[in-house]
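Here is the structure we will look at, set down as structure tokens.
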Amino acid sequence: MNKFLFLIITFLLILSCKKDIKSAQKVNNKTEEITIEKNNLKTNYKSLFKKNPEYVSNGFDFPVGKPDAKGYYNAQKFKENNHLGDDWNGLGGGNSDLGDTIFAISNGYISEVKNYKGGWGNLVRIIHLKNNKLYESLYAHCNKILVLEKQFIKKGEEIATIGNNNGQYMAHLHLEVRDAVHLDIGPGYSSDTTGYLDPTQFIKNNRE
Ligand SMILES: [Zn+2]
């Protein structure tokens, strides 16, 4: 082999190895950062509730037809078609429930109010603390939002009205309950339910 060519190849090999090591370090640092952020988030929420103990959860109710979902049915249950939440619809069907009130399922802290557009539309997320564990409830496709983010809320208070995401669906409330409070908005549907709970089952188990 040409000596010069050999030198070039060796040089390129060394360069690519170095790059691999560097990117591996970068990934490790990033994972570490995310873990630290998640822990901070949990600590911050817990200390927030510690300073405002009247907003610690005193049990959970249903988000429509309060407190028992009277006049409503769950049209698409958790895990049905890989659904990550419940779809609450009025018994009248169609858009008969458009504009009906959505209630906070428990005391908590409103962590986010946002129009995510796409398939999500207007959305409210609430953080709850129960038995020293954090949960999150998420209310999607809302017509009107009646609350501001970074505020505390009491169980049964109005947070929004049922919408149809600008006619994309028949009006309904998509409700999720999560036991991971650091998750992104998420896909709405997935066979992987890590971090998600069956909302109806969770509410039934935590009525008080
Ligand atoms: Zn849904």
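Note that ligands are numbered from 1 as they come in the structure, with each ligand's atoms numbered from 1 the same way.
In terms of distance to the Zn ion (ligand 1), the nearest N, O or S atom of Asp87 is named OD1.
Within the structure, salt bridge (charged side-chain N to carboxylate O under 4.0 Å, His left out) contacts touching residues 166-183 (residues at least two apart or in different chains) are Glu136-Arg178, Glu176-Arg178.
Every residue two or more places apart in sequence or in another chain that forms a salt bridge (charged side-chain N to carboxylate O under 4.0 Å, His left out) with Lys130 is listed here: Glu208.
At a cut-off of 2.8 Å, Asp86 is not counted among the residues with an N, O or S atom near the Zn ion (ligand 1). Among the atoms of His83, an N, O or S atom falls under 2.8 Å from the Zn ion (ligand 1). Among the atoms of His174, an N, O or S atom falls under 2.8 Å of the Zn ion (ligand 1).
Side chain of Asn74 to main chain of Asp87: a donor-acceptor pair is present (N/O by atom type, distance under 3.5 Å, no hydrogens or angles).
Across Asn89, Asp97, Asp100, a single residue satisfies side-chain hydrogen bond (donor to acceptor under 3.5 Å, both in side chains) together with Tyr72, and that is Asp100.
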